[in-house]
2 protein chains.
Amino acid sequence: MARQKSGERITIGDVAALAGVSRATVSRVMNGLATVDRSIADRVLAAAKQLNYMPSVAARSLALGRTHTVGYVVPDLTNPAFHGAMRGLSLAAAKQHYRVLVADTAEHAEEEPILAIETRRRCDALVLCAPRMPQDELLRLLPELAPVVLLNRDAGDESTPLLGIDWASGVRDLVRHLVGLGHRRIAYLAGPPSSASNTDRLKGFESLRDAIDLVQIPCGAMFSDGHAAAGQVLDSDVTAVIAFNDVVALGLLGALHELGVQVPGQLSVAGFDDIPFAAFTSPALTTASVPQLELGELAWQRLWAMLNGERPEHSVVFRPRLVARGSTGQASD
Amino acid sequence: MARQKSGERITIGDVAALAGVSRATVSRVMNGLATVDRSIADRVLAAAKQLNYMPSVAARSLALGRTHTVGYVVPDLTNPAFHGAMRGLSLAAAKQHYRVLVADTAEHAEEEPILAIETRRRCDALVLCAPRMPQDELLRLLPELAPVVLLNRDAGDESTPLLGIDWASGVRDLVRHLVGLGHRRIAYLAGPPSSASNTDRLKGFESLRDAIDLVQIPCGAMFSDGHAAAGQVLDSDVTAVIAFNDVVALGLLGALHELGVQVPGQLSVAGFDDIPFAAFTSPALTTASVPQLELGELAWQRLWAMLNGERPEHSVVFRPRLVARGSTGQASD
DNA sequence: TTGTAGGCGTTATCAC
DNA sequence: GTGATAACGCCTACAA
């Protein structure tokens, strides 16, 4: 009985030899092409199984021009806001036997384009989340990245699918909610100035200029930013705070608790995203909820369409859903 | 001037033609081999730049037998406990121009082995986090997966590097801490019965049988599990609870808050992992802290060594560090 | 120092 | 229905 050279990788040739057929036939069988005689197919399958044959991914990629991999590029892999989409993408892609390659730009905004390109070259398509990349740079990059779908941020480019969030709408909902509770003077813990979604939120506030008294406090996008901002918040004499996102809001909540400030008794707090933790803190966090998992799934649908030469489904902009929880209440002043 | 066929991929041949050299020379230049004449190298570089040439990843993989990718297999991509290690791995690997392919087993324990193998075939090495895989199955799998490093769980196999956690030690620290605060009757919200690390924790409790009065409550590994366990915890008449992990602990905290139970006034709560949120909840969570990010970095070091045919650094078992925060206090009863 | 030629493991296009 | 054979794009002895 034919035996493969020990220690070396088993190739399609080994299987062909064992089964007494050509490599082409083995290939056909492995790929489920129906044009093969049943008895031969069985023989090939048996041989493959006996040798524990597994096709070389690299060789297939080269021959087919497809890697069966999609990239997921985000600014920070530890940010919970990106996890839902990552999982949605990963699970959806897995159904078509695609895998996800992750890339963390580690907040180095300058290297983002290079990293995106680098990642794209190993994949068939890309999901790009680049909230801080300058618009013109992004636009220049897009053609080189295609097929690509944009997450959470518009590039003003019709031809690349966008899965966006209407942050301004979320701001309006949150503010309306707070105003309904009697709040007038509200602080906004702003995200990174270079963040496109921060700009969107600010537009939302802009449209409400008459309804409330807004205090803008420069902050950031992370726990520690929210935590550090507590002092300024208290000094600002507001009755409610809207944080750039849930992570920031939770950072603030923690600091307020340490300082003995009652939430929502003395201060109401709200965020964006509805990360999994938001529902379980004490008090639970009021937030403008974003369907993260779905974002990832939809991203895959669009990628899949483009990979098959079809036109991707419509771009969509989700309107956040207000989820009122314990962290917001009647204005105290 | 030579012009590449429009629309098609630019290959090493195009660059060679433009520079007037052989493909071999281009290859040498692109790979930084010093044995090339300076002027020729410059010409090649210029040609490559002009054509915006980028080597085909698939072709290199096939020729080199290396994908420059490592896999990261976890049960649930949304579990914060895995994010730190993922980022540590990703960032460390990036320095050697390696990328990370993620795979989410979606809690389907049965498919875990297949998924691991499938993932491994696209990569040069694997970081495997398979807390629920039966020991014998894992042992059988390991040779097929090598080079591989195990995260958070021992397989009893000397030859595969392990980055583990001494959960029993963490249990002891937590219990000692609680006993020091006057607690005697303590509940343990157990993780999934099939979880190896749950078994480890139970061993820790076992060794303390005389010191405390332990109430074991079947629970799980997720928010909702902790949240749902609140009733049983209260019925059990304990003064302190140690949860399977921080996520469970936070779920419990949320439920207790809803029920108006004071923490730590009426009940002390502690967890494992020290996920980023733990420090920012109210009250902040006492926990047995695990160096997640470092785990990922060390995993990469070991993988890197093995990829270079070297012997990997020692396996290490981290002893969790007790981080006492607001969620634990003097026993009330 | 540079070029030639063969190989990496598949798939796809032909004949047969 | 099946088998040669030529891609796929790169790397690397080996020869020059």
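Every chain is numbered from 1, with letters handed out A, B, ... down the list of sequences.
- Within a 6.0 Å sphere centred on CD of B:E310, heavy atoms belonging to other residues, nucleotides or ligands number more than 12.
- Counting heavy atoms from C-beta on, the side chains of B:T69 and A:L101 come closer than 4.5 Å.
- With hydrogens and angles ignored, the 3.5 Å screen pairs a side-chain donor or acceptor of A:R120 with a backbone N or O of A:C123.
- The closest side-chain heavy-atom distance from B:L163 to B:N152 is not below 4.5 Å.
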>> For a quick check, with a 4.0 angstrom heavy-atom cut-off, what is the B/S/- contact string for nucleotides 1-10 of chain C, read 5' to 3'?
In response: SBBB-B-BBB
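- Paired with B:T119 under the rule side chain to side chain contact (heavy atoms under 4.5 Å, CB included), one option of B:L126, B:V102, B:I114 passes, and it is B:L126.
- Atom pair B:D14:CG and D:dC8:P shows a separation of 11 Å (rounding to whole Å applied).
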